[in-house]
Structure formats: structure tokens, C-alpha cells
Amino acid sequence: MEITKREEQIFEKRFEKYDEELRWLYMELYDNGDMYGELCHTMRKFYVDRGKELKQLDEEREVSSDWYRDNSLQGMMLYIENFTGTIQGMEEKLSYLEQIGSNLIHLMPFFDTDSEKADGGYAIKDYRKVRKDLGTIEDLRNLAKKCRTKGMNLCCDFVMNHTSEKHDWAIKAKQGDGEYMSRYFFYDSYEEPFRFDQMVPQIYPATAPGNFTYLKELEHYVMTTFYRYEWDLNYQNPRVFNEMMYNFLFLANCGINVFRLDGISYLWKEVGTNCRNHPKVHTILRMMRMISEIVCPGVLFLGEVVMEPERSVSYFGTKEKPECHMLYNVTTMATTWHTVATRDVVLLKTQLDVMNQLPKEYVFLNYLRCHDDIGWGLDYDMLLRYGIAEVTHKEYLNEYFLGNAGYSNSRGELNRENSSSGDTKFCGTTASLCGIEKALEENNQPLMKQAIRLDLMLHAYMFMQSGVPVLYSGDEIGQMNDYSYKENLELAEDSRYLHRGKFLWEKVESLNDESSVEYQLFQGIKNLSEIRKKHIAFSGKADVWTMETWEDGILGIGRYYQGEKIIGLFNFSEHGKTAWIEENDGLYVDLITGEQREAQSVPVKGHSFRLLVHDFEKTEGY
């Protein structure tokens with residue numbers, strides 16, 4: 001494919017901007033000029049092959065490089081096989097996603113794997129092939145193109161940390177090919193200095209005890225941090241880095257414009273370290289960001305880093321040398337459910353205070369739940385000051401969401417008990433955790449109303465946070481736990497499939513019935529989406545703070561930008577309470593009811609919320 005003189009000039013300008021730093025970092029890491037030359041040559045080839053539509057989008061986003069920081073982006077994560085069955089089927093359902101306001105569509109793993117049941121599709125055999133049951137790479141390109149016409153962004157998981165044991169590299173390594181063995185971590189004994197098992201935390205001892213797997217046919221150990229069938233990649237080898245960058249650029253040219261970087265804190269393994277959050281991980285991410293800025297600057301990196309926000313922010317890089325564009329807000333998600341179970345907002349308020357003090361350039365993705373389970377990684381040092389001990393509190397939280405403690409209406413299941421720490425994670429859909437399942441079982445209408453209020457309150461609170469709100473497919477219509485996974489022998493041991501059930505399109509038909517659970521949740525969340533996109537105070541540039549409500553069960557959040565102020569009050573208790581705030585700056589308008597009132601001594605119904613707006617340049621008009 002040929003390029004125009006103008007396109008050639010654009011590439012050369014970008015390359016010149018980053019060449020010195022990229023070369024320096026690459027040579028510092030690998031000291032291999034030939035491999036760097038190959039990388040640069042291949043980058044240019046991918047740029048040449050990049051379609052004109054994608055190049056145009058790149059240029060537009062270069063001009064507005066902070067486009068993703070405003071209040072227009074809203075996510076939806078889903079499994080293709082559960083949502084529509086195939087990639088082609090996704091195209092006709094994009095209008096449904098538009099209705100709920102989602103324009104960042106995160107497709108859960110869809111690449112070729114030996115089994116979609118193997119770690120939920122994260123054990124990848126080929127980064128350039130789609131699972132046969134889902135479609136083809138051409139289908140993916142067509143879907144991406146259709147998304148662009150609708151102003152939607154397509155996101156996929158880029159699994160950088162490991163490959164499947166069925167990957168071509170791993171197959172050749174099993175045959176004793178030294179070149180391919182060097183792309184992983186192979187050792188012929190557990191003796192010093194290769195005692196990684198003593199240095200690396202046992203992330204999942206039930207699946208990869210000691211983080212190594214013995215291969216009898218080779219009489220070697222291979223490093224497998226997560227699962228026995230997922231082999232850790234060796235980024236000390238420049239061939240691994242280059243080839244993974246080529247895979248990334250291939251997918252970017254297919255039209256993927258948001259990449260969720262899976263497990264990035266584990267990328268660099270080195271003897272004498274704990275092989276997590278190594279400084280050279282940041283070298284890899286910085287090089288990857290520069291490669292993207294040269295070839296496809298319209299692409300975003302979403303980092304999966306399972307740490308509290310104040311520690312994970314290093315993965316944003318710096319203003320001068322950025323790495324990830326966005327990070328997951330994992331800690332706040334877990335603390336949110338803790339707050340539901342305790343009806344006490346003090347820990348959540350404290351964590352949001354920390355978040356709000358971070359630079360506004362830091363963009364986090366906020367969510368109530370995802371494809372994974374909920375782990376109770378809370379700030380137990382702080383909780384201990386309130387007399388809450390870690391072990392007993394984790395037991396209480398699990399019992400609460402099982403529906404056995406704390407006057408709970410929840411329905412869920414435990415998952416993945418850690419024998420060394422006693423930790424157990426938790427599974428369930430938002431609707432079931434909020435009590436909708438129990439209310440339906442008991443045909444209890446008062447309980448159903450309360451459960452729907454709690455569900456909508458949690459979504460309203462998520463939309464109020466700084467960052468990008470992400471829905472999990474099915475939550476917008478109150479989809480409940482799917483217990484059918486227990487009938488499948490391949491899935492029965494993993495209760496995460498409790499909340500990974502097939503999307504029930506028959507429930508969408510109930511959206512015409514105003515009395516249905518589906519209608520109330522869908523319209524409620526749709527309204528929240530429209531409010532967020534309409535009001536400038538939801539911009540990522542807004543000032544955000546928590547407010548003292550003088551009520552343990554009510555969380556208060558304020559937002560202000562360009563003359564508009566919004567106050568959100570969220571009652572985590574099932575009982576009606578009053579937020580004892582005293583804002584003496586005039587009348588506010590309730591964005592849900594349209595009521596005008598002062599923001600003073602505001603009553604909030606049990607498991608409900610208030611959104612109050614005041615525009616200092618308006619007196620009416622809402």
C-alpha cells in the first residue's frame with residue numbers, strides 16, 4: 001500500500017519526536033541495534049497499512065488529545081458469545097448499546113484459544129485470529145468500522161503477560177527449540193539462584209502452586225504465575241517485545257482503539273525481585289506508548305493494575321513521559337460493596353478523598369462489578385481504628401452477600417478460597433447482590449422497590465465519581481445470577497460464571513412495560529447517562545470533593561466546573577435519613593424530580609439518592 005507525501009511527513013514528524021527517547025530506552029534494555037532497526041522498519045510498515053479512516057481519526061485525536069477526559073465516554077463490558085453469539089451479531093445490537101449511552105464497548109477475550117473455558121479466554125493461542133465460533137478477523141474489522149460510524153470505541157483485552165501452552169511459541173519450546181524456550185522462563189532445577197518460588201507471591205496457589213509447572217517431556221520447569229496452561233513471557237528477550245508490539249499494531253489496524261492491558265504489573269521477571277511492579281515494566285509501557293503515538297495515536301491504553309489508586313498511579317507515567325491513559329479503580333469497587341454491607345460511608349469517603357486529590361489528568365474507570373470476582377482488598381489498618389478486624393470482617397462481608405448476616409437481601413456465592421490467607425472472593429450480579437433476586441423469589445413488592453432503589457443508587461453514585469463509568473452487560477436490565485453453570489462440568493468449579501450468564505434478550509421486551517424491573521432500571525440508568533453527558537460539572541476537569549453529611553449512611557459528593565455545581569447524596573442505609581449539609585448559595589434543582597430547593601438539611605429515602613444542580617449563571621431553566 002502506498003502513502004501520500006503528506007502522510008509520509010506526518011509519520012516522519014511523529015517518529016522524529018520520539019526516536020531519541022525510544023532508541024535510548026530500547027538500547028538500555030536490550031542493547032540490540034539490529035532489533036531496534038527491525039522494530040522501526042515494521043512500525044513504518046504498519047503505518048503505511050493503516051486505513052485512511054483510522055489515520056483521520058488519529059489526527060483528530062492528536063489535536064484533542066484529552067478527548068477521553070470529558071463527560072462523554074461511557075463503557076459497557078460484555079462477552080460476545082453471551083451477548084449476541086457472534087461478532088457479526090454485534091453489529092445489529094449496537095443501537096441497543098447506544099440507547100443506554102454506552103460508546104466504549106469492551107469485548108471480553110475473543111481470540112483463538114484452546115478453550116474459552118480456559119481462564120475465560122485469557123489463554124491465547126493466536127493474537128491475530130478470532131475464535132472460530134465467534135467469527136473472523138474480517139468480522140472484527142467490519143464491527144470496528146460500524147462502531148466508528150456511530151462514534152463508538154471498540155476495546156479488547158491485550159494479554160501481554162503470558163500465552164497459552166498451545167501457542168506456536170510454546171509448542172516449539174516443548175520440542176526443545178532453544179530460540180522459543182528463551183521466550184519463556186525455563187529452568188532445569190529449583191536450586192539457587194532460580195528459586196523464583198521463594199520470591200514470587202503465590203498469586204493463585206490453587207492453580208499455579210509455586211508459580212512454576214514441571215514439564216516431564218523436557219525435564220524443565222516453566223514459569224506459570226496464573227495457571228499451569230499460561231506460560232509467562234520473557235520480556236528480557238527483545239524478540240518477545242518486538243513480536244508483541246507487532247501483534248498490538250495489527251489489532252490497532254483492525255480498528256481496535258482501546259486496549260485493556262492485562263496483568264501489566266507482572267510483565268518483568270527478574271531473579272532477586274518479587275517479579276511485580278518492577279521498574280522495567282514502566283520502561284516497556286513507555287516504549288509501547290511511544291510506538292502507539294508514532295503509528296496510531298488515536299489508540300488508548302487501559303491498564304489493569306490491582307492496587308489502591310495512590311499506588312497504581314505510577315502506571316500513568318508522568319506528564320512529560322506518559323504510559324497508560326486510563327486505569328481501573330479496583331479498590332473503590334470493593335469498598336463500595338463493603339459500604340453496602342455496613343451502611344457506613346467513612347472508609348469510602350476517605351478513599352474518594354484520596355482519589356480527588358490526584359491530578360485531574362489521571363483517568364480511572366469506575367465500575368460496580370466486572371467479569372471477575374470481588375475480593376475484599378480493603379484498608380484494614382484504617383478499619384482497625386474503628387474496631388473492625390480484618391479476618392472477622394471478611395467473614396462478615398461474605399456472610400452478608402450470601403444473605404446470611406446483617407439483615408441482608410443479597411444472593412451470591414463464594415469463589416476461590418486462598419488456603420494460605422483464608423481469603424475468599426465473592427460472585428454475583430449487581431441485581432442479585434442488591435436483593436432483586438430475593439424479592440422475586442418471595443414475590444415481595446416492598447422489598448423489590450427497595451432493591452431497585454439500591455441498584456439505581458449505586459449506579460448514580462458510580463456516575464458521580466470522577467472518571468469513566470462502565471456497566472456490565474445485563475446490569476442495565478437487572479439480570480440475575482445464572483446458576484446453570486453448575487450443570488457444565490468445565491465450569492462448575494468456577495462460580496464467576498454465576499455472573500457471566502447469557503444476555504436474556506427476552507427481558508428487553510419488558511422495556512415497554514413501565515411496571516417491570518427491566519424498564520425501571522434501564523430508564524433510570526439511561527437518565528443518569530443523559531444527565532452526565534448534558535452537565536458540564538461531570539467533566540473530568542471539574543473540581544470534585546466529598547461532603548460532610550453528618551450521617552454515617554449518606555455519602556455526599558460535590559462537583560464544580562465552569563459555573564455549574566452538582567451535589568450528589570447517596571443513602572447506603574435502607575432507612576430514610578437526612579443529609580445535614582448547609583450550602584448557602586441559592587436554590588438548587590433536583591435533576592431527577594425537577595423540584596427546586598435549597599441544599600440544606602436534605603432528606604434522602606432509604607437506599608436512594610439525590611442529584612442537585614446549581615448554575616451560578618442561571619436562575620431557572622432546568
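In this text, all values refer to a predicted model and were calculated from it rather than measured experimentally. The basis for the numbers below is simple: all heavy atoms, side chains too, and nothing from hydrogens, waters or symmetry mates.
- Atoms OH and OG1, from Y367 and T332 in turn, are 9.0 Å apart once rounded to the nearest 0.5 Å.
- Between F570 and Y461, the ring planes are perpendicular. Angles over 60° get that label, and only those under 30° would be called parallel.
- C147 is listed as a side-chain neighbour of L94, based on a closest heavy-atom distance under 4.5 Å.
- Counting heavy atoms from C-beta outward, D552 and R343 have side chains that stay 4.5 Å or more apart.
- The line from CZ of F609 to CZ of F572 is 12.0 Å long, rounded to the nearest 0.5 Å.
- The NE2 atom of H459 sits 8.5 Å away from the CG atom of L528 when rounded to the nearest 0.5 Å.
- Between H338 and H393, the gap from one ring centroid to the other is short of 6.0 Å.
- More than 12 heavy atoms of other residues, nucleotides or ligands sit less than 6.0 Å from atom NZ of K533.
- Heavy-atom neighbours of E493 CD from other residues, nucleotides or ligands within 6.0 Å: at or below the threshold of 12.
- Note: S410 OG to W337 CH2 = 7.5 Å, rounded to the nearest 0.5 Å.
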Checklist entry - Run the side chain to side chain contact (heavy atoms under 4.5 Å, CB included) check on M547 and E583 step by step: do they pass? => result CA-CA 10 Å; M547 305 176 67; E583 301 295 302; 3.4 Å; yes
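- Other residues, nucleotides and ligands contribute more than 12 heavy atoms inside 6.0 Å of the CH2 atom of W545.
- Checked against the 6.0 Å centroid criterion, the rings of F426 and Y400 do not qualify as a close aromatic pair.
- For the atom pair OG1 (T578) and CD (E551), the distance works out to 8.0 Å, reported to the nearest 0.5 Å.
- Not one N or O on the side chain of D157 forms a donor-acceptor pair closer than 3.5 Å with the backbone of V159.
- When atom types are taken as modelled, the side chain of H106 and the backbone of L154 share no donor-acceptor pair closer than 3.5 angstrom.
- The only option from R131, R500, K502 that meets the salt bridge (charged side-chain N to carboxylate O under 4.0 Å, His left out) definition with E81 turns out to be R131.
- Considering only heavy atoms from C-beta on, K541 comes within 4.5 Å of D66 through its side chain.
- Contact annotation: the side chain of H535 approaches that of I566 to within less than 4.5 Å [non-hydrogen atoms, C-beta and beyond].
- K449 NZ: 12 or fewer foreign heavy atoms inside a 6.0 Å radius.
- Residues H614 and L587 form no side-chain contact, since every pair of their non-hydrogen atoms from C-beta on lies 4.5 Å or further apart.
- At a threshold of 4.5 Å between non-hydrogen side-chain atoms, the residues K360 and D543 count as touching.
- The CD atom of E476 sits 11.5 Å away from the OG atom of S529 when rounded to the nearest 0.5 Å.
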